[in-house]
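Here's the structure, in structure tokens; my notes come after.
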Amino acid sequence: MTERMPVAAVGLMLALTASAALAAGPRVNVPPAAHAPTIDGVIGPGEWDRAARFPCLLDNTTRGPAERRMWVSLAHDDAALYVLMQSAEGPGAMAACLVPAGSEGAVAIVVHPGGEVRFEGGDGGAWGQGCRVVSAVADGTWTVELATPLELLGVAADAAARVSADFVREWSEPEALVAWTWRQSADLTAVDPVEIGTLSFDAVGPIPRVGEPGDLAGGVLDCAIDVIGLQDEPEKVTLYYDTVAAGQKVRHAALPVTVAGGQVGTLHAERTIRGEDVPSQADEVALWLTTRAFWRVQYASGRIPVEGWPAIAALPLDFVGTEVLSAQYDLSGLPLGAFEGSTLTCSLAADGAVRVSGQAAASARVVTLALPVAGLPPGEYALRAEVMGAGDGALGEVTQTVVIPDATPWLGNAIGLTDTVPEPFTPLEIDGPTVRCWGRGYTFGASGLPEQVTSQGESLLAAPVALELSAGGQAVSWEAGEPGLRMDGRDVRGRALGTAGDTRVECLTTVEYDGMMRFDLTLAPPGATTVDRLVLRIPFAPARAGYLIWTDCAGTGSPADERYGALPEDGWEADFLPFVWLGDEDRGMVWFCEGPVGWSAPAEGKPIRVARAGDAVVMHIAMVGQPRQIDGPVTYTFGLQAGPVRPRPEDWRQWTARIAPIATDDQWFGVVPTNLRERPDLIARQRERGNPLLVYTFLGETATNQPEYAYFADQWTRSATAGPTSYTHAPVCPASSFMDFQLWNFQQGLDEFGIDGLYYDLAWPGPCMNQLHGHGFIDDAGELQPIHPIFAFRELAKRTYQMFHERMPRTHIMAHISGNAICLPITAFADHTLDGEQYAHTVQGDYIDLIPPDKMRAEFTARQFGPVPHFLPELWHRNDHIVATTTSSSGRR
């Protein structure tokens, strides 16, 4: 599923059930206008009074309701669709994104505050001549009036018609979008049919006109919705609202009102926020509306009173590192005037004794207290906060439970650390300059890089891998002699030395038993020097380079992307990517790198390039494409791995959808032992059927409600700071102590329940920039940039695989890899891989038009990779009932 959310992509083979996708985006009926508005940027009297009106407040960056918003009004006559867009003055653009009926391409009418208008996508010339657009800014409000001919939309005013649409406000950056519908892309013409909204031109009513929501920040809500009935028949209007309190989201249907035909009625949302099922205080309330003509449109969002507003409310706690507890309290419920002279006092107690306390003036709506907790023993504590008025009277109090977890059972463990080689891998062998692993051979030259790579008896290279390196105007010269390869435990290590002028060059080579090659290339000048060029050239034999796969590890991708398929005849190029693979239908090799640390892009073209050159297909990796100065040692790390990485079992075609993971609880998302303890019935059913017992989990995510996450979040998270999350799980990085914690969790599942394996969702290394565990780097512009923690994800997967194989001869570890098939350093340690979720919400009836033969051969047969492939059918998203094609199966050629 997409990251990143990223919301986790749940790989749902029969036993695992995901929440259903939204059937469609919001919908609104466009009413006929009594008189066509004048397109002049001025709201004339009565011009828009009978138009549908609603806010756009879905924030693309958080995928939650936004505080800043844009208002849209819609009407039409026989000739045109009329759009009024209003927003606060500020940088950025407003846009109407329209997909004409019968078309698949979007047209974005983009307007800037200064009046500049541009048309993106489609036939911009026709739209530019046919549309009338006026922009005006006055008194801090920016108004855009737009008239679009119905002819351009492919509809007629007297027919039932549908037009896909979205309305968007950009702010300081293109990614900071506030829109009518969910948008995964900042590209205004990138339309996902599931996300886009719908305009209908049916002559039905009523027409809702949404009013301002009132002062949400002050705890006052006065939501007025005018409903204009256009027909004689009565109409039912329903207002829904979602409340979020303590991370729990509850949806309520409220205020079904029948509006008589022709009547104008006003609905007040404050009457709906009542009932025993509603918490005493909500962190957030989002309201939305349905009628026959206006469906699922967000109305308002914010902190509002629900059945009273307490004087003090506890906000989520946050550990800063493991030394400070940051406690926040909302005091907006204090009586007027009570802020003057009031005091907030906190105490943290265990066994009746106060261990830590703090005090602050209650001088703001939200007050934060930092309590030192370093050195406190593990255990459960009571955190009590009290507000005292100026006259020493108690105005309110609240108590929370704080848990400092005991990390001694798992921190620094050695689970899975051994020198033995698990099946089906075989120990490495050294034969002169050649290292042999299962099914492959790597022959190294004086530079420490491969001169030849073989897989399944075939040579992959047309010539040796070459390193074009020069520093201080001098090309690198390697010391003569064969590479000094030696066994180090179960790995092979080599060291090559050279010079480039005064710069010392060292290439450390590591080969591991699954055939992963890591290269650490260090340039060590005596002082400041200039690296002129550093380009890796991998010349593939043309017969072994018919297919290209790449991934940015950003999610499951989409059916329209070009991540995998036949290598284009005219070659291919890209900016930095963590994985790029070339191969044929049976074998291939991936280049990988965690991040462009110390890179400089070429003056022309992209840093990663694949080109046909005579008798070779050459992959060029320009790490230094333009001269750059270095003042001391600099290391460039990258890797190569040929595949397939492992043999398939003789009975692999019988491994079918019976290999299904136990579903996970929302509150313990992916936590192996807790989920198993909560589901004895599912475990018993799986055992009765004789099916392997797998548990849904992650290599790089964890449940946020665990005491361990709360305590170690700053260290574990992949962000620069932990921050809040709207999900019940959050991205974490196994380069931190999370690796120890997760291995311990996996071991508990093995010890207590004898599980047969695990299901890793999102089994690719998403970006990490947490410098607390050494990730992220500062680019040439001084900005912190992420890396992809390939080696940390690999180490967790490898140690887990080793732990399971110490207990049982056959394991069933499955990795979800949709659109990310070539993460071989990680998926080498999976018995199964699951692909296909990139077609969610897209496939209709069959996959024939979505997966051409070259894409099928490049990714889905998976003979080039090794683990047993499974395909996740997504036909259920469209209610297709084609039983023969909805069974996930590994029995493919």
Are [X] and [Y] close enough that some pair of their side-chain heavy atoms sits under 4.5 Å apart?
X: R132; Y: Y82; answer: yes
X: Q785; Y: M769; answer: no
X: E874; Y: Q838; answer: no
X: S87; Y: W171; answer: yes
X: L81; Y: L199; answer: yes

Passing candidate, side chain to side chain contact (heavy atoms under 4.5 Å, CB included) with L146, options V117, I109, I39, V134: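 For L146, the side chain to side chain contact (heavy atoms under 4.5 Å, CB included) check succeeds only for I109.
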Name of the residue among E120, M94, E116 meeting side chain to side chain contact (heavy atoms under 4.5 Å, CB included) with V110: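 The side chain to side chain contact (heavy atoms under 4.5 Å, CB included) with V110 is passed solely by E120 among E120, M94, E116.
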Plane angle bin for Y564 and F860 - parallel if under 30°, tilted between 30 and 60°, otherwise perpendicular: perpendicular
Side chain to side chain donor-acceptor pair (under 3.5 Å) between W581 and E859, intermediate numbers included: CA-CA 11 Å; W581 177 92; E859 173 152 345; over 6 Å; no
Under 3.5 Å: donor-acceptor pair, side chain of R169, backbone of M85: no
Side chain to side chain donor-acceptor pair (under 3.5 Å) against T551, all qualifying residues, sequence neighbours excluded: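 Partners of T551 by the side chain to side chain donor-acceptor pair (under 3.5 Å) criterion, ordered by chain and then number, come out as R563, N820.
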Heavy-atom pair with the smallest gap, counting every atom of K606 and D575: CD-OD1, 3.3 Å
